[in-house]
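Please read the structure below before turning to the comments.
Only this structure's heavy atoms are used, side chains among them; waters, hydrogens and symmetry mates stay out. Since this is a predicted model, take the numbers as computed values, not measurements. Letters go in sequence order (proteins before strands), and every chain restarts at 1.
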Amino acid sequence: SQKIEQNSEALNIQEGKTATLTCNYTNYSPAYLQWYRQDPGRGPVFLLLIRENEKEKRKERLKVTFDTTLKQSLFHITASQPADSATYLCALDGEGTYKYIFGTGTRLKVLA
Amino acid sequence: DTGVSQDPRHKITKRGQNVTFRCDPISEHNRLYWYRQTLGQGPEFLTYFQNEAQLEKSRLLSDRFSAERPKGSFSTLEIQRTEQGDSAMYLCASSLARAGGGEQFFGPGTRLTVL
């Protein structure tokens, strides 16, 4: 069956460290993969999109990698801050149909 | 504020009642999505529109759910004969249809509680 997996356990890291979140998928061949941030009680907010032919994408303190052979994306936040504490969701297009499938999200807590 | 609005923000209803939610997307966005999200889960795709055409609907969506997007602007999602299992956050998102995928702008959601 088709599946997207993200670290189900919450990730606690110390302020200033790099947070690394994982998104693994099976039985999909996505053309795009997106990362979103979601705060409690609010809708997700778009962060980054990476295409299947891109290995890496950066935006300020954020970096995303995409390995279509491993079927994995990694999301990094460098120099993390308590304000980065949120749930991070990965989403991929279901076989290029613009029907986006979301993972369950990873809750990140950055400790001051 | 992403520019996508949803109304109402909260809805409490009794089992068996019908409910309707509204979504106003960013005006120039031609794609509109509906998702459902329960606690601890990611958003679950329900349906999406390109302009006024409903192009895809989740197989998980029962026939109690219907969505419309008249004139390709705002959209409504109706749930008939609500059940307790329908309790969730209903999210609307809009995007521009363009090559290379497109970021989705989400509204604040409508939280539905079915008693």
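Chain A forms more heavy-atom pairs under 4.5 Å with one residue of B:Glu44, B:Gln37, B:Arg111, B:Met89 than with any other, namely B:Gln37. In terms of heavy-atom pairs under 4.5 angstrom with chain B, the leader among A:Gly41, A:Pro44, A:Gly43, A:Gly105 is A:Pro44.
Remark: A:Glu54 CD is packed, more than 12 non-hydrogen atoms of other residues, nucleotides or ligands lying under 6.0 Å away. Within a 6.0 Å radius of CG in A:Leu111, more than 12 heavy atoms belonging to other residues, nucleotides or ligands are found. Residue B:Leu39 qualifies as open at atom CG: its count of foreign heavy atoms under 6.0 Å is 12 or below. Within 6.0 Å of the CD atom in A:Gln14, the count of heavy atoms belonging to other residues, nucleotides or ligands exceeds 12. Within a 6.0 Å sphere centred on CZ of A:Arg107, heavy atoms belonging to other residues, nucleotides or ligands number 12 at most. Annotation: B:Arg64, atom CZ; neighbour count of heavy atoms from other residues, nucleotides and ligands within 6.0 Å is above 12.
The distance from atom OG of B:Ser95 to atom CZ of A:Phe46, rounded to the nearest 0.5 Å, is 10.5 Å. To the nearest 0.5 Å, atoms CZ (A:Arg42) and OG1 (B:Thr2) are separated by 9.5 Å.
For B:Gln6, no part lies near chain A; criterion is any non-hydrogen pair under 4.5 Å. When heavy atoms are compared at a cutoff of 4.5 Å, A:Gln6 does not approach chain B at all. B:Pro43 touches chain A through backbone and side chain together, each having a heavy atom under 4.5 Å away.
Looking at heavy atoms from C-beta onward, B:Tyr35 lies in side-chain contact with A:Tyr100 at the 4.5 angstrom threshold.
Side-chain N or O atoms of A:Tyr36 include one that pairs as donor or acceptor with a backbone N or O of B:Gln104 at under 3.5 Å.
A:Leu47 and B:Val4 are assigned to two separate hydrophobic clusters, defined by single-linkage of ILVMFWY side chains at heavy-atom distances under 4.5 Å.
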